[in-house]
Amino acid sequence: MKSSHSQYGSVAVTLHWLSALLIIALMISGSRAADTIDPATKAELLSLHAPVGITVLVLTLLRLFWWWRVDVKPAPNQNDPRWQTRIASGVHVLFYIVIVGMAASGIGMLVLSGAGAILFGGAEGTLPDFMLYPPRIPHGIGAKLMMVLFVLHAGAAVFHHFVKRDGILKRMWFTTRR
């Protein structure tokens with residue numbers, strides 16, 4: 001369950017990949033909801049988007065608690081230059097900040113606009129224009145930043161796996177220990 005010096009444990013691996021899949025779903029559903037003008041389609045997308053966003057927030061907080069109180073992260077790859085290790089660390093920290101910020105701004109939009117009652121409470125009505133609510137601006141900026149971070153993170157993983165062939169990607173997968 002716990003990580004070793006060179007391998008992430010099953011809890012960390014599960015939290016990572018589950019979060020990654022849900023974040024991909026959030027990026028797709030959020031982009032589609034922003035681009036659609038049909039109110040029923042937008043409501044349907046957002047009724048999925050909002051609880052998945054809250055789930056990612058909970059998984060992220062659980063992950064932070066896991067690292068803080070229970071587990072330790074494996075050491076960085078010793079063969080990487082220091083600047084790459086620092087960038088990787090910075091990307092991970094930014095992921096956490098952006099995830100928490102996205103959740104806060106998303107919840108803020110739901111509360112301020114009253115859309116939460118429409119999406120989850122069964123209240124009748126049409127969704128408001130979210131552009132009228134201040135949390136929409138950081139939510140939109142966060143979405144773009146999340147996409148950039150995601151591309152950087154995935155790109156680095158692909159680079160390590162296919163170019164450097166250093167086994168870094170295997171550290172974040174399920175393994176049996178002997």
Side-chain angles (χ1 to χ4, degrees), residues 3 8-9 11-73 85-157 172:
S3 302
Y8 287 93
V11 172
V13 171
T14 301
L15 290 171
H16 174 270
W17 290 108
L18 182 56
S19 295
L21 290 172
L22 293 175
I23 288 169
I24 291 168
L26 286 170
M27 289 190 291
I28 292 168
S29 63
S31 294
R32 289 197 55 214
D35 291 343
T36 190
I37 53 174
D38 177 48
T41 302
K42 185 177 289 256
E44 187 177 318
L45 287 165
L46 292 178
S47 67
L48 254 141
H49 183 82
V52 171
I54 292 168
T55 302
V56 168
L57 173 64
V58 169
L59 288 172
T60 300
L61 295 175
L62 179 61
R63 190 174 190 182
L64 289 169
F65 178 80
W66 181 255
W67 290 129
W68 177 51
R69 300 300 284 166
V70 180
D71 204 2
V72 295
K73 288 186 178 184
T85 303
R86 285 187 175 176
I87 289 174
S89 179
V91 166
H92 287 106
V93 168
L94 280 173
F95 263 128
Y96 294 127
I97 291 169
V98 171
I99 288 168
V100 171
M102 292 287 293
S105 60
I107 292 168
M109 276 191 293
L110 289 178
V111 170
L112 292 174
S113 69
I118 296 168
L119 294 174
F120 307 115
E124 294 293 320
T126 58
L127 290 174
D129 180 2
F130 291 108
M131 293 305 285
L132 300 175
Y133 298 92
R136 178 63 187 108
I137 294 169
H139 202 73
I141 293 169
K144 288 173 180 51
L145 185 54
M146 179 61 72
M147 288 180 196
V148 169
L149 292 171
F150 192 86
V151 167
L152 286 172
H153 187 66
M172 189 45 85

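Starting from 1, each residue takes its place in the sequence as its number.
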Non-hydrogen side-chain atoms of F150 and I24 separated by less than 4.5 Å | yes
Considering non-hydrogen atoms only, spot the tightest contact between P135 and M109 and give its length.
-> CB-CG, 3.7 Å
Find the distance between CG (L110) and CG (L46) and round it off to the nearest 0.5 Å.
-> 8.0 Å
Tell me, please, which residues at least two apart from R86 pass side-chain contact (heavy atoms from CB on, under 4.5 Å).
-> R82
What heavy-atom pair brings I118 and G125 nearest, and what distance separates the two atoms?
-> CG2-O, 3.8 Å
Of all the heavy-atom pairs spanning A33 and L45, show the shortest one and how long it is.
-> N-CD1, 3.6 Å
Report the distance from atom OH of Y8 to atom CH2 of W17, rounding to the nearest 0.5 Å.
-> 12.0 Å
Just wondering, do P51 and F120 contact through their side chains at under 4.5 Å, heavy atoms?
-> yes
How long is the gap from CG on L22 to OG1 on T60, to the nearest 0.5 Å?
-> 9.5 Å
Mind checking the CG-OG spacing from L127 to S113? Nearest 0.5 Å is all I need.
-> 7.5 Å
Test side chain to side chain contact (heavy atoms under 4.5 Å, CB included) applied to L149 and I97, V98, I99, I23, the passing residue | V98
Crowded around L18 CG? As in, over 12 foreign heavy atoms under 6.0 Å?
-> yes
So, does S47 use its side chain to make a donor-acceptor pair with the main chain of A43 at under 3.5 Å?
-> yes
Under 4.5 Å between any side-chain heavy atoms of H139 and F130, yes or no?
-> no
So do the side chains of S105 and Y133 get within less than 4.5 Å of each other, counting heavy atoms only?
-> no
So CZ of R63 and OG1 of T14: to nearest 0.5 Å the spacing works out to 10.5 Å
Are side-chain heavy atoms of L62 and W66 found at a separation under 4.5 Å?
-> no
Counterpart residues, side-chain contact (heavy atoms from CB on, under 4.5 Å), relative to V111 (two or more places apart) | I107
Apply side-chain contact (heavy atoms from CB on, under 4.5 Å) to L48 and S29, showing your working.
-> CA-CA 8 Å; L48 254 141; S29 63; 5.6 Å; no
What distance do L64 atom CG and L59 atom CG have between them, rounded to the nearest 0.5 Å?
-> 11.0 Å
Considering residues at least two apart in sequence or located in another chain, which fulfil the ring-ring contact (aromatic ring centres under 6.0 Å, His included) criterion with H153?
-> H16, H92, F95
